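None of these values were measured; they are calculated from a predicted model.
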Amino acid sequence: MDERTTRSIRRSARRAVRVVSAVLVLWAVAVVAGPTASVSAHDGISASNPANRSTIDDPISSAEIDFGEGISDEVSMFLTYDTGDGSTVDIGGTTVKTGDETARLEFPEITEKGTYFVRYLAPVPSDGHVVAGSISFS
């Protein structure tokens with residue numbers, strides 16, 4: 001084989017490697033993104049009562065969240081208490097879907113001062129994603 005043929009083969013091989021690499025990258029992106037690539041992300045909640053990071057004075061026994069978009073009946077919420085020493089206590093509660101976009105967590109009346117978190121998981125039927133997060137209040 002002469003030198004010109006060897007160079008031509010090497011160029012073709014490099015080109016083939018680049019094409020195969022590009023195809024593999026596009027395939028990987030398609031697999032990871034799947035059909036949800038065009039779906040926008042969920043930003044969280046629209047509002048809550050009590051408001052996130054608020055301080056309340058009176059004892060309460062429920063918290064309500066407006067997710068700002070339709071949620072499924074499988075919405076789940078629960079209450080935890082921050083003990084202040086790096087651990088939390090699960091209080092739990094009962095989740096009640098109150099509307100297409102809202103849910104309420106009912107729990108035993110809170111009388112102890114401290115920081116509480118309402119944690120939530122709300123599946124969104126329109127695209128199958130889940131809105132997850134928490135609000136806090138003291």
Side-chain angles (χ1 to χ4, degrees):
M1 239 188 275
D2 68 5
E3 192 173 320
R4 193 176 348 160
T5 304
T6 303
R7 276 191 234 140
S8 177
I9 291 172
R10 285 183 185 154
R11 265 193 304 259
S12 295
R14 282 188 290 236
R15 201 173 300 133
V17 167
R18 283 193 296 260
V19 168
V20 169
S21 296
V23 168
L24 287 174
V25 167
L26 290 173
W27 175 80
V29 168
V31 166
V32 171
T36 62
S38 64
V39 177
S40 63
H42 301 280
D43 293 328
I45 63 171
S46 292
S48 66
N49 184 20
N52 190 27
R53 298 186 179 126
S54 64
T55 300
I56 57 174
D57 296 322
D58 298 323
I60 64 169
S61 59
S62 68
E64 188 151 1
I65 295 179
D66 181 346
F67 292 92
E69 61 187 316
I71 56 173
S72 80
D73 293 340
E74 282 77 44
V75 60
S76 175
M77 298 165 44
F78 61 97
L79 185 68
T80 61
Y81 172 70
D82 183 346
T83 61
D85 64 2
S87 62
T88 58
V89 175
D90 290 337
I91 298 172
T94 303
T95 304
V96 178
K97 187 174 174 191
T98 56
D100 290 338
E101 300 179 353
T102 57
R104 181 177 59 244
L105 177 64
E106 298 172 347
F107 44 82
E109 187 173 270
I110 294 174
T111 57
E112 188 172 337
K113 291 184 179 185
T115 302
Y116 293 84
F117 294 89
V118 174
R119 303 185 190 280
Y120 55 83
L121 295 169
V124 178
S126 64
D127 63 13
H129 286 135
V130 175
V131 178
S134 65
I135 63 165
S136 64
F137 59 89
S138 301

Of all the heavy-atom pairs spanning [X] and [Y], show the shortest one and how long it is.
{"X": "Ala122", "Y": "Phe67", "result": "CB-CE2, 3.7 Å"}
{"X": "Ala63", "Y": "Pro50", "result": "CB-CD, 3.8 Å"}
{"X": "Gly70", "Y": "Val124", "result": "O-CG1, 3.6 Å"}
{"X": "Ile60", "Y": "Phe107", "result": "O-CE1, 3.7 Å"}
{"X": "Ser136", "Y": "Thr115", "result": "CB-CG2, 4.5 Å"}
{"X": "Thr102", "Y": "Gly99", "result": "OG1-N, 3.1 Å"}

[Y] reachable from [X] in the ILVMFWY side-chain graph, under 4.5 Å edges:
{"X": "Val89", "Y": "Ile135", "answer": "yes"}
{"X": "Ile56", "Y": "Tyr116", "answer": "yes"}
{"X": "Tyr120", "Y": "Phe78", "answer": "no"}

Looking only at atom types and distance, does a side-chain atom of Asp82 sit under 3.5 Å from a main-chain N or O of Thr88, one as donor and one as acceptor?
->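 Looks like no, no N/O pair under 3.5 Å.
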Hey, could you give me the [atom1]/[atom2] distance between [X] and [Y], rounded to the nearest 0.5 Å?
{"X": "Glu69", "Y": "Ser126", "atom1": "CD", "atom2": "OG", "result": "6.0 Å"}
{"X": "Glu74", "Y": "Leu121", "atom1": "CD", "atom2": "CG", "result": "12.0 Å"}
{"X": "Asp66", "Y": "Ser46", "atom1": "CG", "atom2": "OG", "result": "4.5 Å"}
{"X": "Glu106", "Y": "Leu79", "atom1": "CD", "atom2": "CG", "result": "12.5 Å"}
{"X": "Asp58", "Y": "Glu109", "atom1": "CG", "atom2": "CD", "result": "9.5 Å"}
{"X": "Asp57", "Y": "Ser138", "atom1": "CG", "atom2": "OG", "result": "11.0 Å"}

Thr98 and Glu64: side chain donor to acceptor below 3.5 Å =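 Yes - a donor-acceptor pair under 3.5 Å links their side chains.
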Given Ile91 and Thr80, is the side-chain contact (heavy atoms from CB on, under 4.5 Å) satisfied, shown in steps?
-> CA-CA 5 Å; Ile91 298 172; Thr80 61; over 6 Å; no
Aromatic centroids of Tyr81 and Phe117 separated by under 6.0 Å |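 Aromatic pair excluded; centres sit 6.0 Å or further apart.
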Which residue pairs satisfy the salt bridge (charged side-chain N to carboxylate O under 4.0 Å, His left out) criterion with at least one member in residues 88-99, sequence neighbours excluded?
->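 Counting only pairs at least two positions apart or across chains, the salt bridge (charged side-chain N to carboxylate O under 4.0 Å, His left out) contacts touching residues 88-99 are Asp73-Lys97.
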Ile71 and Glu101: side-chain contact (heavy atoms from CB on, under 4.5 Å), yes or no, with the steps?
-> CA-CA 6 Å; Ile71 56 173; Glu101 300 179 353; 5.7 Å; no
What's the verdict on side-chain contact (heavy atoms from CB on, under 4.5 Å) for Ser72 and Val75, showing C-alpha distance, side-chain angles and the deciding distance?
-> CA-CA 6 Å; Ser72 80; Val75 60; 5.7 Å; no
